[in-house]
Amino acid sequence: MAAGWAHPAGLVVLLVALAAVAPAARADKPARGGLAAVAVGEESSAVFPLYGDVYPHGLYYVVMSIGNPPRPYFLDVDTGSDLTWLQCDAPCVSCSKVPHPLYRPTKNKLVPCVDPMCAALHGSLTGRHRCDSPQQQCDYEIRYADQGSSLGVVVKDSFVLRLANSSVVRPDLAFGCGYDQRVGSSTEVSPTDGVLGLGSGSVSLLSQLKEHGVTKNVVGHCLSTRGGGFLFFGDDIVPYSRATWAPMARSASRNHYSPGSASLYFGGRSLGVRPMEVVFDSGSSFTYFAAQPYQALVAAIKDDLSKNLKEVPDHSLPLCWKGKKPFKSVLDVKKEFKSVVLSFSNGKKALMEIPPENYLIVTKYGNACLGILNGSEVGLKDLNIVGDITMQDQMVIYDNERGQIGWIRAPCDRIPNDYTIHGFEEGYCWPQFPNIIGYQNEESAVCYSSIIRTSDKGKGH
């Protein structure tokens, strides 16, 4: 995972996480009106538009309505970590400037350390949980490999979701209220208010929605190379019969999503490196290979390049090339490069083709740069991360119900047809986007009620 306000090259998975318990506070009380009636076995789905891109902004984010009354927050979509958190005024010790007013908790929202959710959180982070008094609050501290961190207290508050079955639910979900952050610059406006943790652990938003009977424990995303895309909870639009599937492997990196080990190919030939442990992480803008596969890939690319391309320095990424004239898009240069393929031994014919447009970016200087980076240089050791750049224009599905990960090529700038996209209350006004994401504040307020689309009619169960 990586904090969305960091420079794209620093967006990497969650590696180190710590938790602590401190005194104070009362137990949380269920909010009146809480969860709308959802009978057992009537889980539905919710689909949300995504915003952002790999370059130049370095993140994809979603808008969530939280609290009572509900307020909008921009959250960095992160399948590489479990805990959702917002920067909040508790009061704030160190917070970045964010797009919306800081979330302000009340004492009756604080989660006590005796709550099972607190024990699960601490167990997943450190393997231990200590609670000296029932009155203690549930504190947390998360540290990320890009040197970012969040320290805060766990709270429960309502998340407003409008589902495909037209019901509106307001489940009380646990998340982190971060009052001491070390992320980006404190003088610059962060593009997001926090992180949406969608990992497989019990404190993940998806696991909590499953426990409430709201959606199945299935999450997926479709990231467009043009920017934006969509995120979905539940399986109503999952193309089960047509996607490539691999069983989820037990990742050495806790609750990360892993389809297991993969062999690496370039241009149809094996690069002869040992099988790579691979993790899928939407919180990482770029893809990271361990030292051996990275060096083998770079050597293969360089050996295969035509004389039309010259290696040049570029502040955007470590390895870049220029042509006879500046490139305008990856389409201008993709013919000069061959596809990379990951062959997963954990699934039958589970191949992921990575065409040039899924590992190259064209910078503002008109150079083509390699979006696969050396993970050993940022502390990832032998871990290999498939990040946003490689998952663009693919629907990627994390099916915790069946223990499998799937992917299929898809036009991610078009939300599936015959599906009612809600996720927000009727009459919700789209919040104004900060200029850092590329929208003009004065012109971006658009009111949505519902958008009628269609589902995947070919879905087979």
Side-chain angles (χ1 to χ4, degrees), residues 6-12 52-60 222-229 264-273 284-342 351-378 384-394 409-413 436-438:
H7 186 277
L11 295 179
V12 289
D53 53 42
V54 170
Y55 178 84
H57 301 110
L59 81 159
Y60 287 88
C222 207
L223 312 175
S224 175
T225 53
R226 299 180 182 181
L264 182 63
Y265 295 80
F266 177 76
R269 68 180 181 88
S270 171
L271 293 187
V273 299
S284 176
S285 288
F286 296 112
T287 290
Y288 292 80
F289 284 174
Q292 185 191 24
Y294 174 78
Q295 291 163 2
L297 178 62
V298 168
I301 290 175
K302 288 183 175 181
D303 287 345
D304 194 65
L305 282 185
S306 73
K307 295 181 180 179
N308 294 329
L309 297 179
K310 302 293 183 184
E311 190 172 331
V312 291
D314 191 307
H315 296 300
S316 305
L317 286 169
L319 184 57
C320 302
W321 299 271
K322 72 173 182 178
K324 293 181 179 179
K325 59 182 180 180
F327 302 116
K328 294 181 180 179
S329 77
V330 175
L331 298 179
D332 294 339
V333 73
K334 63 174 291 185
K335 66 180 183 296
E336 303 283 355
F337 293 82
K338 294 177 180 175
S339 289
V340 176
V341 172
L342 294 174
L351 301 177
M352 174 174 276
E353 180 182 3
I354 307 173
E357 56 266 38
N358 281 117
Y359 67 80
L360 295 173
I361 66 163
V362 169
T363 71
K364 62 183 180 181
Y365 305 107
N367 301 318
C369 296
L370 182 63
I372 299 176
L373 308 180
N374 189 344
S376 63
E377 293 182 351
V378 292
N384 302 275
I385 307 303
V386 169
D388 292 343
I389 188 171
T390 298
M391 295 189 283
Q392 290 179 116
D393 287 340
Q394 297 196 81
R409 283 280 157 189
C412 296
D413 53 351
I436 191 170
I437 297 297

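Residue numbers count from 1 along this sequence.
Nearest heavy atoms, Gly227 versus Asp53: CA-CB, 4.1 Å. In this structure, Gly371 and Leu317 approach most closely via the heavy-atom pair CA-CD1, 4.2 Å. Among all heavy-atom pairs drawn from Ala290 and Asn384, the shortest one is N-OD1, 2.7 Å. Nearest approach of Ser224 to Asp393, heavy atoms of both residues: CA-OD1, 3.6 Å. Shown here for Pro355 and Ser339, the closest heavy-atom pair between the two residues is CA-OG, 3.5 Å. Val333 and Ala368 get closest at one heavy-atom pair: CG1-CB, 4.0 Å.
Looking at Leu264 and Phe289, their side chains come closer than 4.5 Å, going by heavy atoms from C-beta outward. Leu331 places none of its side-chain heavy atoms less than 4.5 Å from the side chain of Glu357. Residues Leu370 and Phe337 have side chains not in contact (no heavy-atom distance under 4.5 Å, counting atoms from C-beta outward). Side-chain contact between Tyr55 and Ser316: present, with at least one pair of heavy atoms (C-beta onward) separated by less than 4.5 Å. Residues Val386 and Leu342 have side chains in contact (heavy-atom distance under 4.5 Å, counting atoms from C-beta outward).
For the atom pair CH2 of Trp321 and CD of Glu336, the computed distance is 11.5 Å after rounding to the nearest 0.5 Å. For the atom pair Leu305 CG and Lys310 NZ, the distance stands at 10.5 Å (nearest 0.5 Å). Residue Asn374 holds its CG atom at 10.5 Å from OH of Tyr288, rounded to the nearest 0.5 Å.
By the 4.0 Å N-to-carboxylate-O rule, Lys302 lies close enough to Glu311 to be salt-bridged with it.
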Considering only distance and modelled atom types, tabulate donor-acceptor pairs under 3.5 Å from the side chains of residues 359-367, sequence neighbours left out.
from, atom 1, to, atom 2, distance (Å)
Tyr359, OH, Lys338, O, 2.5
Thr363, OG1, Asp314, OD2, 2.9
Thr363, OG1, Tyr365, N, 3.2
Asn367, ND2, Asp314, OD2, 2.9

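Screening residues 290-319 for disulfide (SG to SG under 2.5 Å), with sequence neighbours left out, gives no hits.
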**Message:** The test is side-chain hydrogen bond (donor to acceptor under 3.5 Å, both in side chains); show your working for Thr225 and Gln392 and say whether it passes.
**Reply:** CA-CA 6 Å; Thr225 53; Gln392 290 179 116; 5.4 Å; no
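When the options Asp304, Ile354, Asp303 are evaluated for a side chain to side chain contact (heavy atoms under 4.5 Å, CB included) with Phe266, the one that passes is Asp304.
Applying the 6.0 Å contact sphere to CZ of Arg226 captures no more than 12 heavy atoms from other residues, nucleotides or ligands.
Looking at Thr287, its side chain does come within 3.5 Å of a backbone N or O of Gly387 through a donor-acceptor pair.
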